[in-house]
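Since the structure comes first, as structure tokens, the remarks are kept for the end.
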Amino acid sequence: DGTPYDDSLAMSKALAQAAKDSGIRLTILRTIYLHGGFDAPLEEHQKRFADKDIDKALAELKKLEDFCADEADARIDWGFAGHSVRAMRLEELQKVCATFPKRPFHMHVSEQQKEVKECQERFGLTPIALLESEGLLDKRTTLVHATHASFEEVELIKQHGSAVCFCPGTEADLGDGLGPASELFQAGVPISLGTDGQTFSSILQEARRLEMHER
């Protein structure tokens, strides 16, 4: 029901221990979710995974930073994910990016056509162009999904040295489509694969879906 654990880092600590036990590298990305949409309050079902406010989210990130520093393990790193431009205000995004200027930054962008349309109506820009206008596209930025990125936006991503993470399984299951993988690849934009879901966790299956879509 969203009631926090007594130790709010319980899941991060469990993930870090699992990574050490299995001998893999891990970057823990703490997600920030604050609003239910553009100029919309949280819906009831969203409250269980949302932060109270940006200051609470920053405090939790600081706790994660301290935990990873105490671990003193080169395999365990951390960063943050602003969920989306609809779940965070621009001033909130700016605040967290300015507070942790060297940490990896991930964000869902242009996953659905509705999101793109609403962002254009609100700001006159698409989500990717909005991040670029705010100085939030750089080499530490990974754009998750980027399903509806335009040719011009591929060039923006390339110019700023950002990366893109596709989640083919989720994108197919939701019927959102897959992003311009070939165009990004040809532009030299780094592409990674993720799940964004819990139905399965096969990186080979994700890669196969992306390859089949492009072919």
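Note that the structure is predicted; figures quoted are calculated from it, not measured.
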* Checking Gln46 side chain against Glu43 main chain: does a donor-acceptor pair fall under 3.5 Å? -> yes

Does this structure show an ion pair linking Lys20 with Glu71, if we count only N-O contacts that are shorter than 4.0 Å? yes

Quick check on Gln120: does its CD atom have over 12 non-hydrogen neighbours (other residues, nucleotides or ligands) under 6.0 Å away? yes

message = Does any part of the side chain of Thr170, heavy atoms only, come nearer than 4.5 Å to the side chain of Thr195, both counted from C-beta?
response = no

Checklist entry - If only atom types and distance count, is the side chain of Asp51 paired as donor or acceptor with the main-chain N or O of Asp53 below 3.5 Å? => result no

The reported gap from CZ in Arg30 to NZ in Lys62 (rounded to nearest 0.5 angstrom) is 14.5 Å

_Are there over 12 heavy-atom neighbours, none belonging to Glu44, within less than 6.0 Å of that residue's CD?_
no

To the nearest 0.5 Å, atom CD1 of Ile128 lies from atom CG of Leu156 at 8.0 Å

On a heavy-atom basis, the closest approach of Pro168 and Glu206 is CD-OE1, 3.1 Å

_Any side-chain to backbone donor/acceptor pair from Glu92 onto Arg89? Under 3.5 Å, distance only._
yes

Smallest heavy-atom separation, Ile76 atom then Cys68 atom, equals CG2-SG, 4.2 Å

>> Could you check whether any side-chain N or O of Arg140 sits under 3.5 Å from a backbone N or O of Phe105, counting only pairs where one atom can act as donor and the other as acceptor?
In response: no

Atom CZ of Arg48: over 12 foreign heavy atoms under 6.0 Å:
no

* Describe, in one word, how the ring planes of Phe100 and Trp78 are oriented to each other, choosing from parallel (under 30°), tilted (30 to 60°) and perpendicular (over 60°). => perpendicular

Hey, does Val164 have a side-chain heavy atom less than 4.5 Å from the side chain of Val144?
no

- Query: Shared ILVMFWY cluster between Tyr33 and Ile28, side chains joined below 4.5 angstrom?
  - Reply: no

To the nearest 0.5 Å, atom CD1 of Ile203 lies from atom CZ of Arg208 at 11.5 Å

Check: For Leu178, does its backbone N or O pair with a side-chain atom of Thr147 as donor and acceptor, under 3.5 Å?
Finding: no

For Ala57 and Ile32, the nearest pair of non-hydrogen atoms, with its separation, is CB-CG2, 3.8 Å

- Criterion side-chain contact (heavy atoms from CB on, under 4.5 Å) on Val189 and Glu183, from CA distance to verdict: CA-CA 9 Å; Val189 173; Glu183 290 84 348; over 6 Å; no

For Pro180 and Ala146 the tightest heavy-atom approach is CD-O, 3.5 Å

Test side-chain hydrogen bond (donor to acceptor under 3.5 Å, both in side chains), reference Ser182, set Glu214, His213, Arg215, output is Glu214

Just so I know, are the side chains of Leu64 and Phe80 near enough to count as touching, which here means a heavy-atom distance under 4.5 Å?
no

NZ (Lys52) and NZ (Lys47) are apart, to the nearest 0.5 Å, by 13.5 Å

Is any side-chain heavy atom of Glu132 less than 4.5 Å from a side-chain heavy atom of Leu125? no

- Report yes or no: does Ser162 contribute a side-chain atom to a donor-acceptor pair with the main-chain N or O of Thr142 at less than 3.5 Å? no

* Parallel, tilted or perpendicular: which fits the ring planes of His108 and His83, with parallel below 30° and perpendicular above 60°? -> tilted

Distance col, row Leu93:CG vs Ser84:OG, nearest 0.5 angstrom, shows 9.0 Å

message: Is it the case that over 12 heavy atoms from other parts of the model lie below 6.0 angstrom from the CZ atom of Phe49?
response: yes

Does a side-chain heavy-atom distance below 4.5 Å link Leu143 with Leu131? yes

Legend entry - Within one Ile-Leu-Val-Met-Phe-Trp-Tyr cluster: Leu210 and Met212, side-chain cutoff 4.5 Å: no

Are Asp7 and Lys63 close enough for a salt bridge, meaning some N to O gap below 4.0 Å? no

Nearest heavy-atom approach of Leu42 to Ala50 is CD1-CB, 3.6 Å

Exercise for review: I would like to know whether Asp176 and His148 meet side-chain hydrogen bond (donor to acceptor under 3.5 Å, both in side chains); could you show each step before the answer?
Suggested key: CA-CA 9 Å; Asp176 293 327; His148 302 289; 5.8 Å; no

Steps toward salt bridge (Lys or Arg N to Asp or Glu O under 4.0 Å) verdict (Lys95, Glu91): CA-CA 6 Å; Lys95 189 171 184 178; Glu91 59 270 21; over 6 Å; no

Shortest non-hydrogen pair, Thr126 vs Cys119, comes out as C-SG, 3.8 Å

Notebook entry, point to check: Under a 4.5 Å cut-off applied to non-hydrogen side-chain atoms, are Leu15 and Met11 in contact?
Noted result: yes

Cluster question for you: counting only ILVMFWY and a side-chain heavy-atom cut-off of under 4.5 Å, with indirect links fine, are Leu193 and Leu29 together? no

_Between Thr141 and Leu136 (side chain of the first, backbone of the second, donor and acceptor by atom type, cut-off under 3.5 Å), is there such a pair?_
yes

| What about Phe67 and Tyr5, same hydrophobic cluster or not, with Ile/Leu/Val/Met/Phe/Trp/Tyr joined at side-chain heavy-atom distances under 4.5 Å? | yes

Quick one: does Gln94's side chain have a donor or acceptor within less than 3.5 Å of a partner on Glu134's backbone?
yes

- ILVMFWY network linking Val116 to Phe123, side-chain heavy atoms under 4.5 angstrom: no

Q) Does Ser150 offer a backbone N or O that forms a donor-acceptor pair with the side chain of Glu153 under 3.5 Å? A) yes

- Query: Is a salt bridge present between Arg122 and Glu118, judged by a nitrogen-to-oxygen distance below 4.0 Å?
  - Reply: no

Any non-hydrogen side-chain atom of Cys167 less than 4.5 Å from a side-chain atom of His145?
yes

Notebook entry, point to check: Taking the side chain as C-beta and beyond, is there a heavy-atom pair between Arg86 and Glu115 under 4.5 Å?
Noted result: yes

Distance col, row Glu111:CD vs Lys114:NZ, nearest 0.5 angstrom, shows 12.5 Å

